[in-house]
**Q** 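Just passing along the structure, written as structure tokens.
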Amino acid sequence: MTQLPWILLSEKPVLDGFTRVIRQTYRMPDGRESEWDVVAGDRSVAVVAMTTDGSFVTVRQFRPGPGRVLDELPGGYVDSGERVEHAAARELLEETGYEAGTIELVGSSWMSAKGQLRQFCAVARDCRYSGPARSDAEEFMDVRLVDLATLLSIVRSGGLTDQGLAYRALDHLGLLQAGC
């Protein structure tokens, strides 16, 4: 069966806060109309950051969605007109105080089937501490250095918000079999 594209008829804002939601009305292939609430957004990046001594830089912070403290990869939104690699380096420095020696993009994926946000994954190598983190006013993070076995345990536990991106970066680095 061939899947025909849906035709966007209209869209209007539903929520315009930290997360923006828009309601889109589509004409379906069979002629019916259907409304969908879509999380609006452009691009974000998560960073698997390795220090010069082989540790990995993570952050731990409270997340209101699940209502709990989670381990995360440093990262955030890519500003309009900003290169993803620049955003990765900027977010890493702002959130952790670590400066990347090199940044490499390793892929991207969609946030969800009901989201417009494209999530990028970057690997930062030879990261060095350069001073205190400069987080946003709403960010209260604990920076943690973990070894590979601990990072793999965190990723495999499902307690990491950017789990798929972490797997992608670790696969790119050939580290998924390590620490089994």
Side-chain angles (χ1 to χ4, degrees), residues 18-20 39-63 65-66 69-112 115-180:
F18 181 78
T19 301
R20 291 184 328 110
V39 177
D42 189 18
R43 301 171 299 160
S44 70
V45 64
V47 184
V48 171
M50 299 181 300
T51 64
T52 55
D53 70 357
S55 296
F56 292 85
V57 184
T58 64
V59 294
R60 182 175 275 183
Q61 65 180 319
F62 179 82
R63 288 314 210 179
V69 174
L70 297 173
D71 292 296
E72 297 188 319
L73 301 176
Y77 288 111
V78 179
D79 293 334
S80 178
E82 184 179 30
R83 289 182 45 223
V84 176
E85 297 92 329
H86 181 263
R90 176 182 50 77
E91 288 287 344
L92 177 64
L93 184 60
E94 287 175 1
E95 292 186 354
T96 69
Y98 279 81
E99 192 168 355
T102 63
I103 296 275
E104 176 186 10
L105 288 182
V106 297
S108 67
S109 63
W110 294 105
M111 178 190 79
S112 73
Q116 296 175 335
L117 185 68
R118 190 80 176 161
Q119 298 176 299
F120 288 84
C121 182
V123 170
R125 291 184 171 96
D126 299 321
C127 298
R128 295 180 187 272
Y129 183 75
S130 67
R134 299 181 305 268
S135 302
D136 291 338
E138 293 83 19
E139 293 179 314
F140 299 91
M141 293 182 254
D142 289 327
V143 177
R144 298 179 60 216
L145 294 179
V146 299
D147 61 20
L148 177 59
T150 302
L151 179 62
L152 287 169
S153 176
I154 292 167
V155 172
R156 290 174 175 150
S157 75
L160 186 77
T161 56
D162 294 315
Q163 184 177 15
L165 298 175
Y167 270 117
R168 188 157 195 179
L170 292 169
D171 180 55
H172 174 80
L173 293 168
L175 298 175
L176 286 179
Q177 298 305 316
C180 292

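Just so we're clear, the structure is a prediction, and the values are computed from it rather than from any experiment.
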**Q** Rounded to the nearest 0.5 Å, what separation is found between the CG atom of Asp162 and the CG atom of Leu73?
**A**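 With rounding to 0.5 Å, CG (Asp162) is 5.5 Å from CG (Leu73).
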**Q** Closest approach of Gln119 and Met111, non-hydrogen atoms and distance?
**A**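 Closest approach of Gln119 to Met111: OE1-CA, 3.4 Å.
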**Q** Partners of Ser109 by side-chain hydrogen bond (donor to acceptor under 3.5 Å, both in side chains), sequence neighbours excluded?
**A**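 If we apply the side-chain hydrogen bond (donor to acceptor under 3.5 Å, both in side chains) test to Ser109, skipping adjacent residues, there are no hits.
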**Q** Apply ring pair (Phe, Tyr, Trp, His ring centres under 6.0 Å) to Phe56 and list each qualifying residue two or more places apart in sequence or on a separate chain.
**A**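 Listed in chain order: nothing, the list is empty.
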**Q** Would you list the atom pairs, donor with acceptor, under 3.5 Å between side chains in residues 97-106 and any protein atom, with sequence neighbours excluded?
**A**
unit_1	atom_1	unit_2	atom_2	d
Glu104	OE1	Arg125	NH1	2.8
Glu104	OE1	His172	NE2	3.4
Glu104	OE2	His172	NE2	3.0

**Q** Evaluate side-chain contact (heavy atoms from CB on, under 4.5 Å) for Leu173 paired with Met50, printing each intermediate quantity in order.
**A** CA-CA 11 Å; Leu173 293 168; Met50 299 181 300; 4.0 Å; yes
**Q** Sequence neighbours left out, what passes side chain to side chain contact (heavy atoms under 4.5 Å, CB included) with Asp147? Give chain and number order.
**A**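 Asp147 satisfies side chain to side chain contact (heavy atoms under 4.5 Å, CB included) with Ala149, Thr150 only.
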**Q** Side-chain atoms of residues 163-170: list all donor-acceptor pairs with protein atoms under 3.5 Å, sequence neighbours left out, distances to 0.1 Å.
**A**
unit_1	atom_1	unit_2	atom_2	d
Gln163	NE2	Val155	O	2.9
Arg168	NH1	Ser108	O	2.8

**Q** For Glu85, enumerate each residue passing the salt bridge (Lys or Arg N to Asp or Glu O under 4.0 Å) test, keeping only those at least two apart in sequence or located in another chain.
**A**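 Listed in chain order: Arg83.
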**Q** Is there a side-chain contact (heavy atoms from CB on, under 4.5 Å) between Trp110 and Arg118? Walk through the geometry before answering.
**A** CA-CA 5 Å; Trp110 294 105; Arg118 190 80 176 161; 2.7 Å; yes
**Q** Any salt bridge (charged side-chain N to carboxylate O under 4.0 Å, His left out) involving residues 42-55? Give me the pairs, sequence neighbours left out, ordered by first then second residue.
**A**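 Checked against salt bridge (charged side-chain N to carboxylate O under 4.0 Å, His left out) - neighbours excluded - no pair reaches residues 42-55.
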**Q** Holding to side chain to side chain contact (heavy atoms under 4.5 Å, CB included), I want the full list of residues that pass it with Ser153, two or more places apart in sequence or in another chain.
**A**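 Side chain to side chain contact (heavy atoms under 4.5 Å, CB included) check on Ser153 returns nothing, list empty.
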**Q** With sequence neighbours excluded, what pairs up with Glu72 under the side chain to side chain contact (heavy atoms under 4.5 Å, CB included) test?
**A**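 By the side chain to side chain contact (heavy atoms under 4.5 Å, CB included) rule, Glu72 matches Val59, Gln61, Arg63, Thr161.
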**Q** What is the minimum heavy-atom distance between Leu92 and Ala124, and which atoms define it?
**A**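 In terms of heavy atoms, the two residues are closest at CD2-CB, 4.0 Å.
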**Q** Would you compute the distance between atom CE of Met141 and atom OG1 of Thr96 and round it to the nearest 0.5 angstrom?
**A**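 OG1 of Thr96 is found 8.5 Å from CE of Met141.
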**Q** To the nearest 0.5 angstrom, please state how far the OG1 atom of Thr58 sits from the CG atom of Leu145.
**A**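 Between Thr58 OG1 and Leu145 CG, I get 7.5 Å after rounding to 0.5 Å.
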**Q** Using side-chain contact (heavy atoms from CB on, under 4.5 Å), reason through Leu117 and Val39 one step at a time and then give a plain yes or no.
**A** CA-CA 8 Å; Leu117 185 68; Val39 177; 5.9 Å; no
**Q** Applying side chain to side chain contact (heavy atoms under 4.5 Å, CB included), name anything that partners Asp79, two or more places apart in sequence or on another chain.
**A**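 Once residues adjacent in sequence are excluded, the partners of Asp79 under the side chain to side chain contact (heavy atoms under 4.5 Å, CB included) criterion are Glu82, Arg90.
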**Q** Tell me the closest heavy-atom pair linking Leu176 and Leu152, and the distance in Å.
**A**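 Shortest heavy-atom contact: CD2-CD2, 4.3 Å.
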**Q** Residues in side-chain hydrogen bond (donor to acceptor under 3.5 Å, both in side chains) with Arg20, at least two apart?
**A**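 So Arg20 forms no side-chain hydrogen bond (donor to acceptor under 3.5 Å, both in side chains) with any residue.
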